[in-house]
S.K.: 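Please see the structure below; I have some questions.
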There are 2 protein chains.
Amino acid sequence: MALEPIRNRRIYSQIADQIRDLIASGVYRPGSYLPPERDLATSLGVSRSSVREALIALEVLGLVDVRVGDGVLVRAIPPAEAQGDSLMRRVMRLTRPGPDPELPVALDLDVEIPPFALLQARRLVEPEAAALAARRATSADIAAIEAAFAQNVADNRARSTTHPGDRMFHIRIAQASGNAAFEQFMIVLLGHAYGGMFRRLQSLYTTAEMIANSESQHAAILDSIRAGSEAGARDAMIVHLDMVIDVFLRE
Amino acid sequence: MALEPIRNRRIYSQIADQIRDLIASGVYRPGSYLPPERDLATSLGVSRSSVREALIALEVLGLVDVRVGDGVLVRAIPPAEAQGDSLMRRVMRLTRPGPDPELPVALDLDVEIPPFALLQARRLVEPEAAALAARRATSADIAAIEAAFAQNVADNRARSTTHPGDRMFHIRIAQASGNAAFEQFMIVLLGHAYGGMFRRLQSLYTTAEMIANSESQHAAILDSIRAGSEAGARDAMIVHLDMVIDVFLRE
DNA sequence: CTGGATCAATGGCCGGACCAATGCTAAGCA
DNA sequence: TGCTTAGCATTGGTCCGGCCATTGATCCAG
């Protein structure tokens with residue numbers, strides 16, 4: 001091949017790449033600040049506008065946090081922290097062994113996913129989805145989440161056993177994340193979520209106390225998203241899911 | 001609560017939200033062009049700089065495609081329509097004719113998931129799936145993964161552009177994890193993964209070097225799973241996905 | 001020592017200017 | 001007529017300089 005394809009890439013993209021590399025190589029460490037926009041511009045020999053565009057791209061990607069009047073903070077990489085949870089280890093041990101590996105690859109919405117497997121997957125994805133939602137949710141997104149929450153509360157008052165409001169609440173948060181993969185993921189998983197065993201367990205452990213806890217946790221998640229607090233939304237979602245997992249483990 | 005939290009969000013973010021809503025509501029349809037930056041600026045009463053920043057944010061999110069000298073092309077597919085005839089589409093109604101912000105909840109395999117969004121989701125799930133696979137993969141599971149790996153190598157030799165072996169490799173690992181949620185997740189996401197944009201980027205940046213890297217990384221993952229090393233499999237998968245993400249971010 | 005005022009640094013936003021790429025159109029040619 | 005080509009208007013790309021708003025640190029008064 002030998003020929004390098006010449007891409008007349010836009011300046012902001014090239015700048016973003018350079019900064020990304022510098023972050024990856026440890027020159028700019030998480031928790032520290034990037035040089036001021038003006039300095040970056042002169043150092044790179046570009047205008048401040050282009051630097052700003054690059055920083056916005058990095059901000060959307062979640063690599064930096066732009067703070068007005070302060071500076072541009074290099075963020076810690078979120079996916080790394082999801083490990084090392086003893087509770088998760090317990091869940092993993094409880095899921096059943098794998099199916100026949102020669103089964104044809106097919107999406108089958110009638111497959112019943114065991115509750116622990118389902119919660120294990122949600123535990124990985126939903127905290128990040130909530131954090132993204134806190135950052136990106138539009139007012140329409142927030143209104144949709146609020147409506148789902150309202151229905152969730154109504155469901156609880158009506159002693160619902162299928163909890164459509166709860167499902168909708170989580171799905172709408174995934175939608176508000178702006179990540180289509182998260183959205184599809186949640187739709188698929190919650191489409192599975194009400195198989196026989198799951199429903200049985202659900203009714204078994206839906207005590208008045210758990211309903212109250214769940215409601216207040218939902219409210220906390222919603223508040224954080226409304227306030228635009230990524231860390232708050234992530235933590236609130238973790239607390240919520242861990243409680244649900246705990247309830248099922250208590251059996 | 002009466003007090004509505006003030007999200008003193010930056011202009012570019014508010015603009016991006018508005019455009020996002022307009023795309024979602026079908027005002028700006030996929031395949032059509034947004035109004036010129038200058039028009040958007042005057043319509044919104046903001047500067048062109050802010051509009052440009054918003055467009056870059058949307059571009060990073062994969063919702064639009066900015067074309068020099070031409071215009072800004074809408075790339076997303078609003079969840080509502082897409083009046084295709086996909087065999088596997090299934091619409092779930094989780095709400096009664098509820099309140100106003102009635103967002104459509106539908107599993108739609110025709111929705112094109114932007115590469116970064118897809119990889120972001122995979123980055124959360126696949127390392128854990130690999131670790132689980134390392135713990136409990138049966139000999140049959142490993143044989144299935146090996147077969148997929150062999151096909152992946154053959155695909156590379158044959159200059160495949162759809163990479164069925166690669167997809168199968170990752171799906172087999174998810175199957176070997178024994179977590180049905182992980183399996184369904186990967187099947188759904190990789191079913192999306194080969195839409196137009198993704199394929200275009202894939203072919204554009206599949207250099208000989210990247211193929212070699214990918215192959216050795218796949219081999220490392222397979223080795224760790226074979227050896228029953230959870231941490232090794234998790235780390236190897238992280239290394240692999242981070243490389244892929246890096247390639248796509250560099251676009 | 002504490003609290004408030006001050007101030008420099010930094011990001012946020014603006015408007016205009018000019019350049020470069022694109023696509024359309026009409027003139028020119030075979 | 002039909003095709004090519006040179007303009008030309010449109011649109012995004014980039015830069016500049018300016019001014020405002022927020023933040024955090026510093027200094028001063030009590």
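Just so you know, these numbers use all the heavy atoms, side chains as well, and skip hydrogens, waters and symmetry mates. In what follows, chains are A, B, ... by sequence order, proteins preceding strands, each numbered from 1.
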S.K.: Is the closest basic N to carboxylate O distance between A:Glu59 and B:Arg10 below 4.0 Å?
M.R.: yes
S.K.: D:dT14 C1' sits how many Å from B:Arg52 CZ, rounded?
M.R.: 7 Å
S.K.: How about A:Glu215 and A:Asn156: does a side-chain donor come under 3.5 Å of a side-chain acceptor?
M.R.: yes
S.K.: Of all the nucleotides listed (C:dG11, D:dG13, D:dC15), which has the minimum atom distance to the side chain of A:Arg48?
M.R.: C:dG11
S.K.: Below 4.0 angstrom from OP1 or OP2 of D:dC15, is there any side-chain N or O of A:Ser50?
M.R.: yes
S.K.: Measure from CZ on A:Arg10 to C1' on D:dT11 and round the result to the nearest Å.
M.R.: 12 Å
S.K.: Distance criterion of 3.5 Å, no angle test: do you see the side chain of B:Arg38 paired donor-to-acceptor with the base of C:dG16?
M.R.: no
S.K.: For the pair made of CD in B:Gln14 and C1' in C:dC13, what is the distance, rounded to whole Å?
M.R.: 12 Å
S.K.: Just compare C:dG11, C:dC14, D:dC15 and give me whichever is closest to any side-chain atom of A:Val46.
M.R.: D:dC15
S.K.: May I ask you to decide if B:Met210's main-chain N or O and B:Asn213's side chain share a donor-acceptor pair within less than 3.5 Å?
M.R.: no
S.K.: Given C:dG11, C:dG23, D:dT14, identify the nucleotide with an atom nearest to the side chain of A:Ser47.
M.R.: D:dT14
S.K.: Which of parallel (below 30°), tilted (30 to 60°) and perpendicular (above 60°) describes A:Phe169 and A:His218?
M.R.: parallel
S.K.: Name the closest nucleotide to the B:Ser49 side chain, picking from D:dG13, C:dG15, C:dC13.
M.R.: C:dG15
